[in-house]
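So that the names make sense, note that chain A is the first sequence line, chain B the second, and so on, each numbered from 1. Please read these numbers as outputs of a predicted model, since none were measured by experiment.
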2 protein chains.
Amino acid sequence: MGFRMANIQEVAKKAGVSVATVSRVLNHHPSVTPKTRVKVETAIRELNYEPSMLGRNLRNSESRLLLVLIPSISNPFYTEIINGIQTTAIKHRYNILLCETNSDPRRENIFFNMVKNKLADGIISMDPTINRQKLTELAEHHSVILCSEYMEDGSIPYVTIDNERAAYQAVKHLIILGKKKIALINSDERFLYARQRRKGYEKALREFEIPISEELIYNTHELNFHDGVQAMRMLLRMEEKPSAVFAVSDTLAIGALKEIKASGLKAPDDIAVVGFDNIHFSNMSNPTLTTIAQPMYKMGATAATMLINQIQSKQVESILLDHELIIRESTMG
Amino acid sequence: MGFRMANIQEVAKKAGVSVATVSRVLNHHPSVTPKTRVKVETAIRELNYEPSMLGRNLRNSESRLLLVLIPSISNPFYTEIINGIQTTAIKHRYNILLCETNSDPRRENIFFNMVKNKLADGIISMDPTINRQKLTELAEHHSVILCSEYMEDGSIPYVTIDNERAAYQAVKHLIILGKKKIALINSDERFLYARQRRKGYEKALREFEIPISEELIYNTHELNFHDGVQAMRMLLRMEEKPSAVFAVSDTLAIGALKEIKASGLKAPDDIAVVGFDNIHFSNMSNPTLTTIAQPMYKMGATAATMLINQIQSKQVESILLDHELIIRESTMG
DNA sequence: ATGAAAGCGCTAACAC
DNA sequence: GTGTTAGCGCTTTCAT
């Protein structure tokens, strides 16, 4: 592949003009004679020339590329968000690059550097495992927006939902159905959203004077189906089994449903289940899953708009979007 | 965000050396006195300096970035493949950027240009909707590998499986179970894999002297759960319903299972179902899904190795990997 | 062992 | 309307 693409010089030479004129044609400057323009365009076509983003970016300090950080693409939660980001970005002539960190700090660093080095114009982070310190430092001089998972100190603008209230509503729904022994399948409580959802869970229980039992709270390592299976398996080992489960993600909830069925029990009669996110698949499980719908597309679109505004030095404010409880078979047979 | 990161000049000045020496320290040249090295490293730290990828790439014509083209991240099929690509790339000090084309030709172009302009060193395409003509042109002077979906003319190296044989085995499995009226839920037959899998389906039927009926073949637009639901709904409208279904993706198959249940029928007794891919979720559906397992991780790892070899001007050969029929409840109750 | 300087491809300020 | 040229940040000869 030892091949060099034609550069602006060669185009200029072939067209019999200066590099400046070629550049002007490239950038649609009004001050070029139609005749000259045609000459240059012909040369460009003949040489199969494409302007180098590298040279251009180095000169302009602009790449029109946005980075989107996610911990893992395997979580369907991100799908619709990314859709929203992408559509908005394209509308503003930006492109996005998906960066999967796999929670590896070395990978984070690469992506942060891409922004520092002007290889990308800004970054939307949805990664809860991210190094907060480094991200804050980056945000001091570069454009950064948080989406879904955020930092409470408010140093970086974010778009998210009211996790505590959402969890509270989910659990209240279970209580009103007559469930008393409600388990929580939570993720790692290092993450803000996990702490907030636990808070909502506890608030609902407290409001109805149901005792909070550590035994009923299981923390998973990740958000895979298998973690949900595992969690449910542990909860079913209790002498007095829970009559309901609130899982902080649909993937966990679907795993829990699977294990409930495997153990010969039935949802929702024996154990009702509520998930969180409203991923596409939550409507395909059996029974279909009651869940909290996050406005994922809108969240992504909002994050992209905020980032682009920030890149253009406009003022941006953090935003809290609405969620919604979607009631399906896993709680209402 | 009008902030300029320190550059190599400022580091040189602060350390009291030339930019050349700073560059040498950066690149671990052996010919630098320990004393000088320390001076430079101190300056780097104090100025919080990070070398600019832009300047470096412009000079070196190398970015150590690989592009991975996928039509949509919503298809879980890609998850494990990307994992394999990523792990391999990192091992070789490359990073990957995920590019979701959403089958939009304008987006393709951007990514192709990133390669042409040395913003990325090569590209792995898994997008069946890609513009073959343009990709072939790109491949003439740049590193390109196809993964999963490929081109039969062999102009671009690929890694894939034997789709025809896999489909043949899946359908034969159904026939041996005693099923006669076997439907095919296929995707768009513009795609090579779709044509190949249909061939395998027809081959199995022909071998057992089962007539091929166009009525039993349904082509979906995409690979979502919903397309599977839709397809099954149409197939169930026939006066004499099929007794088995082979769907060319697990997502379609899971949608079909859903609709079978919704219509009051039971899998596998009334209708047996076989999927394709062995995505994580295929083991979570109810009933669990019989499917063709593709070696997704290995496929990704192989594609990455091939691409890196190609970038380093080594000879690369196309590879066909093995698949496997995984028998679960949807055919064996 | 280190420095000076050319050059990667491009844009924009300035000159004509 | 078009050309000349400096400079974006870096690496790498070629001197010393």
**Report entry** Partner of A:Glu137 under side chain to side chain donor-acceptor pair (under 3.5 Å), chosen from A:Lys134, A:Gln133, A:His141
**Finding:** A:Gln133

Query raised in the report: For residues 28-44 of chain B, which residues have at least one heavy atom under 4.0 Å from DNA chain C?
Result: B:Ser31, B:Val32, B:Thr33, B:Thr36

Figure out the [atom1]/[atom2] separation between [X] and [N], and round it to whole Å.
X	N	atom1	atom2	answer
A:Tyr49	C:dG9	OH	C1'	7 Å
B:Asn57	C:dG9	CG	P	13 Å
B:Arg56	D:dC8	CZ	P	18 Å
B:Glu62	C:dC8	CD	C1'	14 Å
A:Leu26	C:dG9	CG	P	14 Å
A:Lys13	D:dG3	NZ	P	15 Å
B:Lys118	C:dC10	NZ	P	13 Å
A:Asn7	C:dT11	CG	P	12 Å

Query - Residues forming a salt bridge (charged side-chain N to carboxylate O under 4.0 Å, His left out) with B:Arg93, sequence neighbours excluded - result: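 Salt bridge (charged side-chain N to carboxylate O under 4.0 Å, His left out) list for B:Arg93, sorted by chain: empty.
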
Query raised in the report: Who are the salt bridge (charged side-chain N to carboxylate O under 4.0 Å, His left out) partners of B:Glu62, not counting sequence neighbours?
Result: B:Arg64

Can you list every salt bridge (Lys or Arg N to Asp or Glu O under 4.0 Å) pair that touches [range], not counting sequence neighbours?
range	value
residues 143-160 of chain A	A:Arg132-A:Glu149
residues 107-117 of chain A	A:Lys116-B:Glu50
residues 14-43 of chain B	B:Lys14-B:Glu46

Requested in this report: Estimate the overall bend of the helix from C:dA1-D:dT16 to C:dC16-D:dG1 from the end axes over five pairs each, rounded to 10 degrees.
Outcome: 40°

Query raised in the report: Touch check for B:Leu54, heavy atoms < 4.0 angstrom, all strands: base, sugar-phosphate only, or nothing?
Result: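 No contact.
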
Report task. Quick one: label A:Val22 by what it contacts on the DNA or RNA (base, sugar-phosphate, nothing), any heavy atom closer than 4.0 Å. Result -> nothing

Query raised in the report: Nearest to the side chain of A:Leu58, which nucleotide is it out of C:dC10, C:dG9, C:dT11?
Result: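 Nearest nucleotide to the side chain: C:dG9.
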
Query raised in the report: Out of C:dG3, D:dT11, D:dG3, which has the shortest distance to the side chain of B:Asn60?
Result: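 Of C:dG3, D:dT11, D:dG3, D:dT11 is nearest to the side chain of B:Asn60.
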
Does a side-chain N or O from [X] land closer than 4.0 Å to OP1 or OP2 of [N], or not?
X	N	answer
B:Arg59	C:dG7	no
A:Ser23	C:dC10	no
A:Ser52	C:dG9	no
A:Asn27	C:dT11	yes

Query raised in the report: Are A:Ile96 and A:Ile124 close enough that some pair of their side-chain heavy atoms sits under 4.5 Å apart?
Result: no

Query raised in the report: Considering only heavy atoms from C-beta outward, does the side chain of A:Ser72 approach that of A:Glu100 to under 4.5 Å?
Result: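 A:Ser72 reaches A:Glu100 side chain to side chain.
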
Taking only residues two or more places apart in sequence or in another chain, which ones pass side chain to side chain donor-acceptor pair (under 3.5 Å) with [X]?
X	result
A:Ser23	A:Asn27
A:Ser52	none
A:Tyr193	A:Ser187

Please write out the pairs of protein N or O atoms and N or O atoms of nucleotides 13-16 of chain C separated by less than 3.5 Å, giving the distance to one decimal.
none

Requested in this report: Tell me which of A:Glu50 and B:Ser18 sits closer to the 5' end of DNA chain C, going by the nucleotide each one is nearest to.
Outcome: B:Ser18

Query raised in the report: Can you name the ring-ring contact (aromatic ring centres under 6.0 Å, His included) partners of B:Tyr150, sequence neighbours left out?
Result: B:Tyr158

